[in-house]
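Only one structure is covered here, and it is reproduced in the block below.
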2 protein chains.
Amino acid sequence: MCGSAEKIQDAELEVMQVLWDSPQPVPLAELRRVLGQQRGWEDSTVKTLLRRLCGKGAVALERRGMYRAVLTRAEYSRWSARRLVGKLFDGSAKQLVASLLSDGQLSEADIAELSALLHGEDGK
Amino acid sequence: MCGSAEKIQDAELEVMQVLWDSPQPVPLAELRRVLGQQRGWEDSTVKTLLRRLCGKGAVALERRGMYRAVLTRAEYSRWSARRLVGKLFDGSAKQLVASLLSDGQLSEADIAELSALLHGEDGK
DNA sequence: CTTGAAAGTTTACTGTTGTAGTCTAATCAA
DNA sequence: TTGATTAGACTACAACAGTAAACTTTCAAG
């Protein structure tokens, strides 16, 4: 069903990040506190974003005042990576990796670890 | 100066793709033809998008009726990859690659080629 | 020159996103 | 039971994005 994965907007993503940073459902008060501090958002802004995210099925109201991420960071990240590859790397993830590499985004240590992953060590 | 890289919207990106697909400046008539066919856009839509892209400095009017991409696909792709990494992979390109891998986005052949790249063969 | 087509410019309209006020319903303490 | 606090729902509004019509300028052909 998640095929329809509605796009998460920038502001909404900020809310998801907070939810993702906690293994437990997060109380509204906490969201308000963190986002108010980090982004200077008013109470109603946070509530509006939560409402929109619930509408998109990315967040669920666990119980009164407790919100939980339905869409996981891993899912969304994977989906975003695929979309980027499709849009800008001609559908080739390899090209994306090559770009990261030539852009100096991978340190020597990263390369070493990735080499291991690419070979034996099952990446999952 | 391109530091201010204004964000390219989805519709605008379609236009860029056509420009990127040609090494030469592209005549408006051609853009209209391709985008009219691919997206069903009216003449004025294409013109509006071109104007907005010119405003963002991503496209230039080479001469009457001839448009040229100023922002290159490589530049924009690189920038987008960095942004994705920053937003969803904790700033670690390595994590993005690991995600692609565990998501099965890299074929055996891709992995072989990347291994070569990661080692000796300069990725540029 | 005049005119007509193509290019360029202005204006427009709807839906979405960022941000937030307000009103109502639920809850908790006294 | 009532009053205060908090959560949820509804409304708002400007900026931007997607889409396009209408108007104006330019240029080449006749």
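Lettering of chains follows the sequences in order, A, B, ..., and the numbering in each one begins at 1.
Spacing between atom CG of A:Leu35 and atom C1' of C:dA20 amounts to 15 Å, rounded to whole angstrom units. One interatomic measurement links the two molecules: CG of A:Asp10 to P of D:dA17, which rounds to 11 Å at whole-angstrom precision. Going from atom NZ of A:Lys7 over to atom P of C:dG15 covers 19 Å, rounded to whole Å. In this entry the distance linking CD of B:Gln9 with C1' of C:dG18 reads 14 Å, nearest Å. For B:Arg32 and D:dT19, the CZ to P distance is 17 Å, given to the nearest whole Å. Taking atom NZ of residue A:Lys56 and atom P of nucleotide C:dG15, one finds them 17 Å apart after rounding to whole Å. B:Arg39 places its CZ atom 6 Å from the P atom of D:dT19, with the value rounded to the nearest Å. In this structure, B:Leu31 atom CG and C:dA6 atom C1' are separated by 14 Å, rounded to whole Å.
Judged as a salt bridge (Lys or Arg N to Asp or Glu O under 4.0 Å), the pairs with a partner in residues 81-91 of chain B (not counting sequence neighbours) are, in order, A:Asp10-B:Lys87, A:Asp103-B:Arg82. Within the structure, the side chain to side chain donor-acceptor pair (under 3.5 Å) test picks out the following pairs touching residues 91-100 of chain A (sequence neighbours left out): A:Lys94-B:Glu113. Applying the side chain to side chain donor-acceptor pair (under 3.5 Å) test to every pair with at least one member in residues 50-61 of chain A, sequence neighbours left out, gives these pairs: A:Glu12-A:Lys56.
For A:Arg73, the salt bridge (Lys or Arg N to Asp or Glu O under 4.0 Å) partners are A:Asp21, not counting sequence neighbours. Legend: residues meeting ring pair (Phe, Tyr, Trp, His ring centres under 6.0 Å) with A:Phe89, ordered by chain and number and at least two apart, are absent. Scanning for salt bridge (Lys or Arg N to Asp or Glu O under 4.0 Å) contacts around A:Arg39 gives A:Glu14, with sequence neighbours left out.
Applying a 4.0 Å cut-off to non-hydrogen atoms, none of the residues of residues 81-88 of chain B approaches DNA chain C.
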Kindly give the atom pairs (protein nitrogen or oxygen, nucleotide nitrogen or oxygen) under 3.5 Å for nucleotides 8-12 of chain C.
from, atom 1, to, atom 2, distance (Å)
C:dG8, OP1, B:Gly65, N, 2.8
C:dG8, OP2, B:Tyr67, OH, 2.7
C:dG8, N7, B:Lys47, NZ, 2.9
C:dG8, O6, B:Lys47, NZ, 3.3

Please table the atom pairs, donor to acceptor, closer than 3.5 Å between any side-chain atom in residues 24-33 of chain B and protein atoms at least two apart or in another chain.
from, atom 1, to, atom 2, distance (Å)
B:Glu30, OE1, B:Arg33, NE, 3.4
B:Glu30, OE1, B:Arg33, NH2, 3.1
B:Glu30, OE2, B:Arg33, NH2, 3.2
B:Arg32, NH1, B:Asp43, OD1, 2.5

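For the pair B:Ala29 and A:Gly40, both in contact range of DNA chain C, the more 5′-proximal nearest nucleotide belongs to B:Ala29.
Side-chain atoms of B:Trp41 do not come within 3.5 Å of backbone N or O of B:Val34 as any donor-acceptor pair.
Pairing each heavy atom of A:Leu84 with each of B:Ala81, the nearest pair is CD2-CA, 3.8 Å.
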